[in-house]
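Below: one structure, written as structure tokens.
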There are 2 protein chains.
Amino acid sequence: MHSFTEENYLKAIYHLSEGNMEAVSTNQIAEMTNTKAASVTDMLKKLAEKKLINYIKYQGVTLTNTGVNAAVNIIRKHRLWEVFLVEKLGFKWDEVHDIAEELEHINSDTLVNRLDDFLGNPVADPHGDPIPDRSGLIKHKKLVKISDMQTGESGTVSGVSEHSSIFLKLLEKMGLTLGTKIIISELIEFDGSIMLTIDQKTERTISREVAKNILVIL
Amino acid sequence: MHSFTEENYLKAIYHLSEGNMEAVSTNQIAEMTNTKAASVTDMLKKLAEKKLINYIKYQGVTLTNTGVNAAVNIIRKHRLWEVFLVEKLGFKWDEVHDIAEELEHINSDTLVNRLDDFLGNPVADPHGDPIPDRSGLIKHKKLVKISDMQTGESGTVSGVSEHSSIFLKLLEKMGLTLGTKIIISELIEFDGSIMLTIDQKTERTISREVAKNILVIL
DNA sequence: TAATTTGTTTAGATTAATCTAAAAATTTGT
DNA sequence: ACAAATTTTTAGATTAATCTAAACAAATTA
Ligand SMILES: [Mn+2]
Ligand SMILES: [Mn+2]
Ligand SMILES: [Mn+2]
Ligand SMILES: [Mn+2]
């Protein structure tokens with residue numbers, strides 16, 4: 001259907017347009033896909049030809065409905081495979097992304113749907129990101145950055161906005177994995193770091209930089 | 001490491017040299033990989049350059065040790081994924097080959113080995129073909145074609161030499177799946193067809209063509 | 001063993017994805 | 001508003017994998 005490369009561009013465009021409703025720029029895509037702007041322009045012409053994106057020279061791109069569907073399907077596969085790797089094969093949450101980057105391109109609707117059932121139709125991947133259902137629907141949870149919380153507020157760690165292995169390993173070491181309950185005990189004015197209680201037991205201070213990348217449900 | 005395409009050539013050469021110890025010809029490879037002889041020659045030069053094959057112009061090729069290891073590793077992955085699809089996701093034995101053709105190129109030793117453990121270190125795939133262990137060792141069973149058996153002999157269906165969906169579905173319909181016990185009751189002289197008893201119950205006649213492609217352990 | 005057939009390689013193109021360098025358009029800053 | 005800076009596109013090459021047609025080598029067969 002679409003080549004491996006085309007799929008990666010669609011995914012990149014999708015992720016870049018999540019949240020902000022504006023068109024995505026050539027340079028943004030080049031950075032995301034580790035290519036150069038000239039290569040991106042070539043690919044944009046091809047994707048536009050295939051009606052997967054809306055593209056006007058110098059104006060950036062948006063995905064068409066077809067394009068969104070294709071992108072969401074790849075993301076669904078990526079996240080389901082990540083669940084498989086963690087839940088069934090015993091990988092850690094910081095080890096699965098690169099393998100899922102390959103598995104997400106395996107082409108078989110039956111396979112994805114059976115995998116989904118085999119895993120018990122999970123609603124989130126190991127990093128807390130929502131898994132689109134087979135019709136492409138995504139249930140977004142209302143998540144708040146720890147850095148935006150006030151003293152006394154409490155919540156459950158339910159996602160991360162930074163997926164690097166080094167960050168995920170750090171969270172694990174600090175006991176801040178998904179499902180952990182936290183209460184903000186103090187906001188340190190000096191450097192913006194945050195003191196919190198983890199699972200009603202441990203007291204811990206985290207930097208603002210870390211706090212910005214941990215998402216909780218209040 | 002090696003490209004998707006290179007891996008497919010290595011696998012083709014491996015399968016073509018199984019059994020017969022001779023060098024494999026350009027045309028054989030072209031047929032197996034659905035390409036033309038000229039394309040094969042180009043790729044052979046590249047694989048020889050990488051020391052994966054022994055290649056002398058006009059003389060055909062053999063795999064080097066490195067080449068054999070690479071090929072066996074791909075076959076290991078292919079067969080493990082087939083077991084996964086059948087045992088865990090509920091696919092039929094005639095539905096898994098094409099998906100495994102894609103999955104076999106996923107690149108992660110950890111993944112393969114954990115999958116192997118998850119599946120309980122199976123020794124054969126859904127078609128009875130042996131699964132190489134993590135060091136590349138293959139335990140071949142002594143298999144005999146039904147067409148080579150004599151009246152009165154008995155055995156257990158343990159493999160097939162034809163993997164097409166149409167043939168596998170036929171075997172299923174006839175109750176000749178892996179593990180089935182058979183006894184040769186009569187060899188029909190007229191057309192070479194074979195009458196046999198299945199699981200001590202059913203009597204059935206199969207054509208010589210079918211019999212040639214079913215492998216049993218005596 | 002010479003002629004013919006068959007199989008293999010080379011020559012020259014094509015397509016997808018990428019790049020660098022240069023040109024063109026847009027945006028920014030004074 | 002216009003010059004400068006930034007971004008994007010075009011032009012022209014490159015690499016991997018493929019093809020067709022033609023040249024060449026090996027095997028067969030008369
Ligand atoms: Mn991921
Ligand atoms: Mn994830
Ligand atoms: Mn197979
Ligand atoms: Mn098989």
Side-chain angles (χ1 to χ4, degrees), chain A residues 1-14 16-17 20-63 67 70-71 74 101-102 104-107, chain B residues 1-17 20 22-63 67 70-71 74 101-102 104-107:
Chain A
M1 191 61 165
H2 311 123
S3 75
F4 189 99
T5 311
E6 287 167 345
E7 290 192 347
N8 282 337
Y9 275 91
L10 291 174
K11 194 166 51 115
I13 297 166
Y14 181 90
L16 288 166
S17 40
N20 66 328
M21 279 291 99
E22 294 142 52
V24 172
S25 78
T26 301
N27 269 349
Q28 284 179 293
I29 298 169
E31 167 150 68
M32 181 79 90
T33 56
N34 294 306
T35 56
K36 297 300 159 71
S39 312
V40 173
T41 300
D42 282 347
M43 182 57 77
L44 293 184
K45 286 179 192 162
K46 198 204 290 194
L47 294 176
E49 191 64 44
K50 290 194 173 192
K51 313 256 190 217
L52 292 162
I53 60 173
N54 306 113
Y55 171 53
I56 309 166
K57 264 193 198 185
Y58 294 103
Q59 312 258 132
V61 291
T62 56
L63 293 170
I74 299 159
E101 286 288 304
E102 297 192 47
E104 72 189 2
H105 301 288
I106 303 290
N107 209 330
Chain B
M1 190 60 166
H2 312 123
S3 76
F4 189 99
T5 311
E6 287 167 344
E7 290 191 346
N8 282 336
Y9 275 91
L10 291 173
K11 194 167 50 116
I13 296 166
Y14 181 90
H15 283 309
L16 287 166
S17 40
N20 68 329
E22 293 141 52
V24 172
S25 77
T26 302
N27 269 348
Q28 283 179 293
I29 299 168
E31 168 151 64
M32 181 79 92
T33 56
N34 294 306
T35 57
K36 297 299 159 69
S39 312
V40 173
T41 300
D42 282 346
M43 181 56 79
L44 294 183
K45 286 180 192 161
K46 199 206 287 195
L47 295 175
E49 191 63 46
K50 290 193 173 193
K51 312 255 190 218
L52 292 162
I53 60 172
N54 306 114
Y55 172 53
I56 310 167
K57 264 193 197 182
Y58 294 102
Q59 311 258 131
V61 291
T62 56
L63 292 170
I74 300 159
E101 285 289 303
E102 296 192 47
E104 72 189 2
H105 300 289
I106 302 291
N107 208 329

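Just so we're on the same page: letters track the sequence lines, and every chain starts at 1.
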Inset, instruction - Using the test side chain to side chain contact (heavy atoms under 4.5 Å, CB included), find all partners of B/K51 that sit at least two apart in sequence or belong to another chain. - result: none
Legend entry - Pairing residues for B/K45 by the side chain to side chain contact (heavy atoms under 4.5 Å, CB included) criterion, not counting sequence neighbours: B/T41, B/D42, B/Y55
Legend entry - Residues within residues 3-13 of chain B bordering DNA chain D, heavy-atom distance below 4.0 Å: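 Per residue number, the list reads B/S3, B/T5, B/Y9.
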Within a strict 4.5 Å, meaning less than it, do heavy atoms of the [X] and [Y] side chains meet?
{"X": "A/L44", "Y": "A/I13", "value": "yes"}
{"X": "A/H105", "Y": "A/N8", "value": "yes"}
{"X": "B/L47", "Y": "B/H2", "value": "no"}

For [N], does OP1 or OP2 lie under 4.0 Å from any side-chain N or O of [X]?
{"X": "B/T41", "N": "C/dT10", "value": "no"}
{"X": "B/K36", "N": "C/dT8", "value": "no"}
{"X": "A/S25", "N": "D/dT8", "value": "yes"}
{"X": "A/N27", "N": "D/dT8", "value": "yes"}

Protein-nucleic acid N or O pairs under 3.5 Å, nucleotides 21-25 of chain C:
from   : atom 1 : to    : atom 2 : distance (Å)
C/dA25 : O4'    : A/Y58 : OH     : 3.3

Inset, instruction - Just jot down the side chain to side chain donor-acceptor pair (under 3.5 Å) partners of A/E104, sequence neighbours excluded, or say none. - result: A/K11, A/H78
Inset, instruction - Look through every strand shown and name the nucleotide pairing with C/dT30 as Watson-Crick or G-U wobble, where both distances are under 3.5 Å. - result: D/dA1
Legend entry - Closest approach of B/T5 to B/M43 (non-hydrogen atoms, all atoms of both residues):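 It is CG2-CE, 3.7 Å.
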Inset, instruction - Please report the closest heavy-atom contact between A/A37 and A/T26, naming both atoms and the distance. - result: O-CG2, 3.6 Å
Inset, instruction - Identify whether any heavy atom of A/S39 sits under 4.0 Å from a base atom; if not, whether one sits that close to sugar-phosphate; answer base, sugar-phosphate or nothing. - result: base
Protein-nucleotide distance ([X], atom [atom1]; [N], atom [atom2]), rounded to Å:
{"X": "B/D42", "N": "C/dT8", "atom1": "CG", "atom2": "C1'", "result": "12 Å"}
{"X": "B/Q59", "N": "D/dC24", "atom1": "CD", "atom2": "P", "result": "19 Å"}
{"X": "A/Y55", "N": "D/dT10", "atom1": "OH", "atom2": "C1'", "result": "10 Å"}
{"X": "B/K57", "N": "D/dA25", "atom1": "NZ", "atom2": "C1'", "result": "10 Å"}
{"X": "B/L44", "N": "C/dT9", "atom1": "CG", "atom2": "C1'", "result": "11 Å"}
{"X": "B/N34", "N": "D/dC19", "atom1": "CG", "atom2": "C1'", "result": "14 Å"}
{"X": "B/M43", "N": "D/dC19", "atom1": "CE", "atom2": "P", "result": "11 Å"}
{"X": "A/I29", "N": "C/dT18", "atom1": "CD1", "atom2": "P", "result": "13 Å"}

Below 3.5 Å, can you tabulate the donor-acceptor pairs from side chains in residues 28-36 of chain A to any protein atom, sequence neighbours excluded?
from  : atom 1 : to    : atom 2 : distance (Å)
A/Q28 : OE1    : A/S25 : N      : 2.8
A/Q28 : OE1    : A/S25 : OG     : 3.3
A/T33 : OG1    : A/I29 : O      : 2.8
A/T33 : OG1    : A/T35 : OG1    : 2.9

